[in-house]
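Keep in mind that the numbers below use all heavy atoms, side chains included, and drop hydrogens, waters and symmetry copies. Below, read A as the first sequence line, B as the second, and so on, with proteins coming before strands; counting in each chain starts at 1.
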2 protein chains.
Amino acid sequence: MTQANEPMTQDTMTIREMCDLFDVTPRTLRFYESKELLFPIREGQKRLFTRRDRARLKLILRGKRFGFSLEEIRQLLDLYYAGDQQATQLSRTLDVAAERLADMERQRAELDLAINDLKSQISLVEDMLTHITGHKDAAE
Amino acid sequence: MTQANEPMTQDTMTIREMCDLFDVTPRTLRFYESKELLFPIREGQKRLFTRRDRARLKLILRGKRFGFSLEEIRQLLDLYYAGDQQATQLSRTLDVAAERLADMERQRAELDLAINDLKSQISLVEDMLTHITGHKDAAE
DNA sequence: AGAGAAGCTTACGTTGACGTAAATGGAACG
DNA sequence: CGTTCCATTTACGTCAACGTAAGCTTCTCT
């Protein structure tokens, strides 16, 4: 095992390194820890983030881009990291995940609708524009 | 006396009728007015919502389902109701809409990824479950 | 006339996801 | 040795999108 504390294989990262890597603030990482989304280990006072934390943070940030709440994300993370859970817990988590999946597919359907609507509106307005400007091309 | 109101063409609605029709609260409608998303006319003190307001509210609620902010929705509404705008305004609005569209398509792509990820995670955990429970079917 | 019901305005409260400031402490540098 | 730089904790501030309560008018029904 290469668990050397020395910098050869740097398995853990400081808060600053994390911030630079993921483009978040220290506040955000501490906040996520307080909400039990991350579990950095401590070296004295200071936090050290493991690759596990990095994997989780990656998923957290992706979840956020869809508008999932941190609480919802926490549940998804539980799913991802549920290797040693009990079967009953697991199947309950599966239910949560299935619901989430249904939500996401609904959302995708609506998103598709909205995309098409927006597209047609855009071309509609483009037509108006060419007409207004004396049916010449309206590009600058 | 049951008021037949004014003409037989009742194309304005009271705040309560609006609330019932769209399942929102009065507070919400007043709030949207204060944010210039709706423009009900006034009969004395009271608000009267036109079909234009109803069309806008419909779009507002749809936009909200995607997680658009009210401010973003306001911009989209400007697009929808830009019939009498200037060409320059219109083309600037088109830019906004094009950006939004790009956002939505990015979001759609990510959502697709996430859906697939989640699906595979789910079946993965399902397999774990059947294994844990002694490779019998793990109903309930 | 009195009691509701419905609407209005004003304004403070709430939740989620952090921002930001203040006070503190160890480490590195010149 | 003092200064600067990170990091930490504690705690109040913020923004969006309303909720909710207080207090006032106005209409309607009995």
Side-chain angles (χ1 to χ4, degrees), chain A residues 5-7 10 12-50 53-54 56-77 100 103, chain B residues 1-6 10 12-50 53 56-77 100 103:
Chain A
N5 209 358
E6 298 299 324
Q10 196 197 5
T12 65
M13 293 173 64
T14 72
I15 200 168
R16 185 103 298 281
E17 289 167 337
M18 287 290 282
C19 291
D20 292 347
L21 184 54
F22 289 98
D23 194 33
V24 295
T25 70
R27 174 61 173 128
T28 299
L29 295 179
R30 297 190 191 108
F31 183 72
Y32 289 169
E33 184 188 5
S34 79
K35 289 302 178 75
E36 304 192 11
L37 289 161
L38 298 178
F39 307 95
I41 58 180
R42 294 303 180 103
E43 193 181 56
Q45 275 279 67
K46 305 191 168 181
R47 291 166 176 82
L48 289 181
F49 295 86
T50 66
D53 290 314
R54 292 193 289 275
R56 293 180 71 100
L57 182 53
K58 206 170 162 185
L59 293 174
I60 293 169
L61 296 179
R62 195 175 71 185
K64 285 205 43 168
R65 287 201 295 275
F66 311 131
F68 287 109
S69 74
L70 290 185
E71 176 54 27
E72 289 170 326
I73 290 172
R74 207 180 54 72
Q75 294 183 29
L76 283 176
L77 284 177
R100 195 74 61 221
D103 278 357
Chain B
M1 318 291 182
T2 42
Q3 82 301 3
N5 232 3
E6 305 258 318
Q10 188 218 7
T12 65
M13 293 174 64
T14 71
I15 200 168
R16 185 104 297 282
E17 289 167 336
M18 286 291 281
C19 292
D20 293 346
L21 184 54
F22 290 98
D23 194 33
V24 295
T25 70
R27 173 62 172 129
T28 298
L29 296 180
R30 298 191 192 107
F31 182 72
Y32 289 168
E33 184 188 5
S34 79
K35 288 303 177 75
E36 304 193 12
L37 288 161
L38 298 177
F39 306 95
I41 58 180
R42 295 302 181 105
E43 193 180 58
Q45 276 279 68
K46 306 193 168 178
R47 292 168 176 80
L48 289 180
F49 295 85
T50 66
D53 290 314
R56 294 180 70 101
L57 181 54
K58 205 169 163 186
L59 294 174
I60 292 169
L61 296 178
R62 195 175 70 184
K64 284 203 40 163
R65 286 201 298 275
F66 311 132
F68 287 110
S69 74
L70 289 185
E71 176 55 28
E72 289 171 325
I73 291 172
R74 207 180 54 72
Q75 295 183 27
L76 283 176
L77 283 176
R100 194 75 61 223
D103 277 358

Roughly, in whole Å, what's the span from CG in Leu48(A) to P in dC6(D)? 17 Å

Taking 4.0 Å as the cut-off, does a side-chain nitrogen or oxygen of Arg74(B) come that near to OP1 or OP2 on dA17(D)? no

Would you give the length of the straight line joining atom SG of Cys19(A) to atom CZ of Arg27(A), rounded to the nearest 0.5 angstrom? 12.5 Å

Taking only residues two or more places apart in sequence, or in another chain, which ones meet Arg16(B) in a salt bridge (charged side-chain N to carboxylate O under 4.0 Å, His left out)? Asp20(B)

Heteroatom pairs (N/O) under 3.5 angstrom, protein to nucleotides 23-27 of chain D:
none

Could you check if a side-chain atom of Arg47(A) sits within less than 4.5 angstrom of a side-chain atom of Leu29(A), using non-hydrogen atoms only? no

So Phe22(A) and Arg54(A), side chain to side chain contact (heavy atoms under 4.5 Å, CB included) or not? Walk me through it. CA-CA 9 Å; Phe22(A) 289 98; Arg54(A) 292 193 289 275; 4.1 Å; yes

Taking only heavy atoms on the protein side, list every residue of residues 19-29 of chain B lying under 4.0 Å from any atom of DNA chain D, sorted numerically. Thr25(B), Arg27(B), Thr28(B)

Rounding to a whole Å, what distance do you find between Glu71(A):CD and dG16(C):P? 9 Å

Taking only Lys NZ, Arg NE, NH1 and NH2, and the carboxylate oxygens of Asp or Glu, determine whether Glu71(A) and Arg74(A) approach each other closer than 4.0 Å. yes

Decide yes or no for Leu37(B) and Phe31(B): does some side-chain heavy atom of the first lie under 4.5 Å from some side-chain heavy atom of the second? no

Does this structure show an ion pair linking Arg42(A) with Glu33(A), if we count only N-O contacts that are shorter than 4.0 Å? yes

Partner set under side chain to side chain contact (heavy atoms under 4.5 Å, CB included) for Glu36(B), not counting sequence neighbours: Phe39(B)

How bent is the helix from dA1(C)-dT30(D) to dG30(C)-dC1(D), comparing axes over its five end pairs at each side, to the nearest 10°? 20°

d(Lys46(A) NZ, Thr12(A) OG1) to nearest 0.5 Å is 12.5 Å

Any side-chain heavy-atom pair of Leu61(A) and Val24(A) under 4.5 Å: yes

It should be established whether Arg47(B) places a side-chain nitrogen or oxygen under 4.0 Å from OP1 or OP2 of nucleotide dT9(C). yes

Taking CD1 from Ile60(A) and C1' from dG16(C), how many angstroms apart are they, rounded to a whole number? 15 Å

If the cut-off is 4.0 Å, is Arg42(B) near the phosphate of dT9(C), judged by side-chain N/O to OP1 or OP2? yes

Value in whole Å for how far the C1' atom of dA17(D) lies from CG of Leu61(B): 13 Å

Spacing of Met18(B) atom CE relative to dG7(C) atom P, expressed in whole Å: 13 Å

Can you tell me the distance, in whole Å, between the CD1 atom of Ile73(A) and the C1' atom of dG16(C)? 12 Å

What's the closest nucleotide to the Thr14(B) side chain, out of dT8(D), dG7(C), dA7(D)? dG7(C)

Close residues, residues 30-41 of chain A, relative to DNA chain C [heavy-atom separation under 4.0 Å]: Phe31(A), Tyr32(A)

Taking only the side-chain heavy atoms of Arg16(A) (C-beta and beyond), determine which of dA7(D), dA17(C), dC18(D) contains the nearest atom. dA7(D)

Qualifying residue for side chain to side chain contact (heavy atoms under 4.5 Å, CB included) with Ile60(B), from Ile73(B), Leu76(B), Asp53(B): Ile73(B)

Nearest 0.5 Å, please: how far is CZ in Phe68(A) from CD in Gln75(A)? 11.0 Å

